[in-house]
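Source: prediction; values computed, not measured.
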Amino acid sequence: MASYDTKKFFEEVLANDDSLLFEVTNELITTGVLLGTNFPLLKGIYKAYRNEEEQFEHKPMVGAKLTVSFDHDTQRVVLDRQTSQVELTNEQFLQYMGKIDVAFAPIYPVGTTVELDESMLTEELAELFKKEELGAVVTLSGRKIPLMSGFEQYIVDYLGHLWPYGEIPGNDPILISNMMIKRVIAESLTNEYEEAFAFDGLRTTQVTKQQVSTAYMKPEDTIAYFEVLSELSEQE
C-alpha cells in the first residue's frame, strides 16, 4: 500500500469537509489517528456500536486505556482516554468514524480475496454463505462505487463475488464495506501505478466529494434508501 502522512491527511479530510456535524479538536484528531492506525480497533468499536453494546474497552500494553461508552437512550457516545474525554451524538459519532475510515482504511486491489465477518452480514447474506462449505469468502471486483442519485454522499467500498465462482449470470454482486472484511486471504497484484490510482483516483475523490462508506449511513437515510429500492423493484 502507498505510504503517506496519515495524521496530516486525516487533518485535511476534516478541514476540507464543510458538512461536519462536530467541532474538530486535538482530542478527536489524536483519537482518530489512534483508531485509524489500528484498524481492528476501529472495527471493534463499530461492531460494539452496531450490536448496541453499552461499552467497549481497549487496554494497550503502553499508553492510556480507551473506553467508549454508548448511551442508547440518549443517543450519545463518550470517548474516554483517561487524560481526555469527548462526547458526541450518535449522528456525530457515525460521521466521525466514517471520516477515520476515509483517511485510513486500506484500499485493496481488484482481485483480492477476503473472508467476511459473518456477524456483520445481513440475514440474507448470512443465509447465502451458510450454503457454502467454503464460508464467507469473496473476491473483490469493484471499488468505491457511489449509490444511486439522491444518495451519492455514500459509497460502497467494494463489490464482490463468491470465490471461486466469480461473476455468475443472474447473480448480483455482493456489496461490501470495510467493516465487513474479517481478513485478507490473498491480496491481488499491486504496483506503483495501482497504488497511485487507489490514492489519487479513489481515496482523494472520496474526500473531495465528502463521501463516506455505507457502513456509516444515517438510520433515516438507510430507511429512505431501501424504500426507494423497494419502489424500483415493484416497478420492474
Which pair of non-hydrogen atoms, one from Pro219 and one from Leu94, has the smallest distance, and what is that distance? CD-CD1, 4.5 Å
Please say yes or no: joined through hydrophobic side-chain contacts below 4.5 Å, possibly via intermediate residues, are Met148 and Val212 part of one cluster? yes
Exercise: do His161 and Thr139 side chains pair donor with acceptor under 3.5 Å: no
Criterion side-chain contact (heavy atoms from CB on, under 4.5 Å) on Met97 and Ile45, from CA distance to verdict: CA-CA 9 Å; Met97 293 283 281; Ile45 294 172; 4.0 Å; yes
For the pair Arg76 (side chain) and Glu87 (backbone), establish whether a donor and an acceptor sit closer than 3.5 Å, ignoring hydrogens and angles. no
Residue pair Gln210, Asn16: steps toward the side-chain hydrogen bond (donor to acceptor under 3.5 Å, both in side chains) verdict: CA-CA 9 Å; Gln210 300 180 7; Asn16 295 329; over 6 Å; no
Hey, is the main chain of Asn191 close enough, under 3.5 Å, to the side chain of Glu194 for a donor-acceptor pair? no
Do Lys47 and Asp117 sit within salt-bridge range, that is, some charged N less than 4.0 Å from a carboxylate O? yes
Shortest non-hydrogen contact from Lys182 toward Leu116: CB-C, 3.8 Å
Determine yes or no for a side-chain-to-main-chain donor-acceptor pair under 3.5 angstrom, with Gln153 supplying the side chain and Gln211 the backbone. no
So for atom NZ, which belongs to Lys144, do other residues, nucleotides or ligands contribute more than 12 heavy atoms lying within a distance under 6.0 Å? yes
Restricting to non-hydrogen atoms, name the atom on Leu28 and the atom on Tyr96 that form the minimum distance, rounded to 0.1 Å. O-OH, 2.5 Å
Is there a salt bridge (Lys or Arg N to Asp or Glu O under 4.0 Å) between Lys99 and Glu12 once you walk through the steps? CA-CA 11 Å; Lys99 295 305 174 181; Glu12 291 174 352; over 6 Å; no
Can you confirm whether Gln75 sits close enough to Thr89 that some side-chain heavy atom of one is under 4.5 Å from a side-chain heavy atom of the other? no
Step through the shown structure and confirm whether more than 12 heavy atoms of other residues, nucleotides or ligands are within 6.0 Å of CD on Glu23. no
May I ask you to decide if Ser19's main-chain N or O and Gln95's side chain share a donor-acceptor pair within less than 3.5 Å? yes
So, taking the atom named CD1 in Ile174 and the one named CG in Leu159, what distance separates them when rounded to the nearest 0.5 Å? 10.0 Å
Please report the closest heavy-atom contact between Pro106 and Tyr158, naming both atoms and the distance. O-OH, 3.2 Å
Run the numbers on Thr214 and Phe151 for side-chain contact (heavy atoms from CB on, under 4.5 Å), then give the verdict. CA-CA 10 Å; Thr214 51; Phe151 300 92; over 6 Å; no
Taking it one step at a time, do Gln85 and Thr67 satisfy side-chain contact (heavy atoms from CB on, under 4.5 Å)? CA-CA 9 Å; Gln85 188 179 91; Thr67 302; over 6 Å; no
Mind telling me whether Tyr49 and Phe70 have parallel, tilted or perpendicular rings, with 30° and 60° as the class edges? tilted
Measure from the side-chain N and O atoms of Arg183 to the backbone N and O of Val114, and report whether any donor-acceptor pair falls under 3.5 Å. no
For Leu66 and Leu35, what are the C-alpha separation, side-chain angles and deciding distance, and is it a side-chain contact (heavy atoms from CB on, under 4.5 Å)? CA-CA 10 Å; Leu66 171 65; Leu35 302 183; 3.8 Å; yes
Supply the atom-to-atom distance Asn90 CG to Lys218 NZ, rounded to the nearest 0.5 angstrom. 13.0 Å
Between CD1 on residue Ile223 and CD on residue Glu227, distance to nearest 0.5 Å: 7.0 Å
Least distance between heavy atoms, Gln206 atom then Val102 atom: NE2-CG2, 3.2 Å
With the 4.5 Å side-chain cut-off for hydrophobic clustering, are Trp163 and Ile185 part of the same group? yes
Any heavy-atom pair between the side chains of Leu42 and Met179 that's under 4.5 Å? yes
Do Ser230 side-chain atoms and Phe226 backbone N/O form a donor-acceptor pair below 3.5 Å? no
Side chains of Leu140 and Ile176: does their closest heavy-atom pair fall under 4.5 Å? yes
Are the side chains of Thr6 and Phe10 in contact, using a 4.5 Å heavy-atom criterion? no
His58 (side chain) donor-acceptor with Gly44 (main chain) under 3.5 angstrom: no
What is the minimum heavy-atom distance between Val137 and Phe129, and which atoms define it? N-CE2, 4.1 Å
With hydrophobic residues grouped by side-chain heavy-atom distances under 4.5 Å, do Tyr193 and Leu189 end up in a single group? no
Just how far is it from atom CG of Leu79 to atom OG of Ser84, taken to the nearest 0.5 Å? 9.0 Å
Less than 4.0 angstrom from a charged side-chain N to a carboxylate O is my criterion; do Asp157 and Arg143 meet it? no
Taking the side chain as every heavy atom from C-beta outward, state whether Ile181 and Glu115 have any atom pair closer than 4.5 Å. no
Taking Glu152 for its side chain and Gly150 for its backbone only, find out whether a donor-acceptor pair lies under 3.5 Å. yes
How long is the straight-line distance from CZ of Phe104 back to CZ of Phe39, given to the nearest 0.5 Å? 10.0 Å
Is there a side-chain contact between Gln92 and Val77, using heavy atoms and a 4.5 Å cut-off? no
Pro40 versus Asn38: any side-chain heavy-atom pair under 4.5 Å? yes
Shared hydrophobic cluster for Leu175 and Ile155 (ILVMFWY, side-chain gaps under 4.5 Å): no
Approximate separation, where rounding is to 0.5 Å, of Glu167 CD and Asp172 CG: 10.0 Å
Distance-only, no hydrogens or angles: does the Tyr46 side chain make a donor-acceptor pair with backbone N or O of Ala215 under 3.5 Å? yes
Sorted by chain and number, sequence neighbours left out, side chain to side chain contact (heavy atoms under 4.5 Å, CB included) with Val24 holds for Leu14, Leu20, Phe22, Ile29
Should Val207 and Leu21 be counted in the same cluster of Ile, Leu, Val, Met, Phe, Trp and Tyr side chains packed under 4.5 Å apart? no
Using modelled atom types only, decide if a donor and an acceptor are shared between the side chain of Thr112 and the backbone of Tyr108 within a distance under 3.5 Å. no
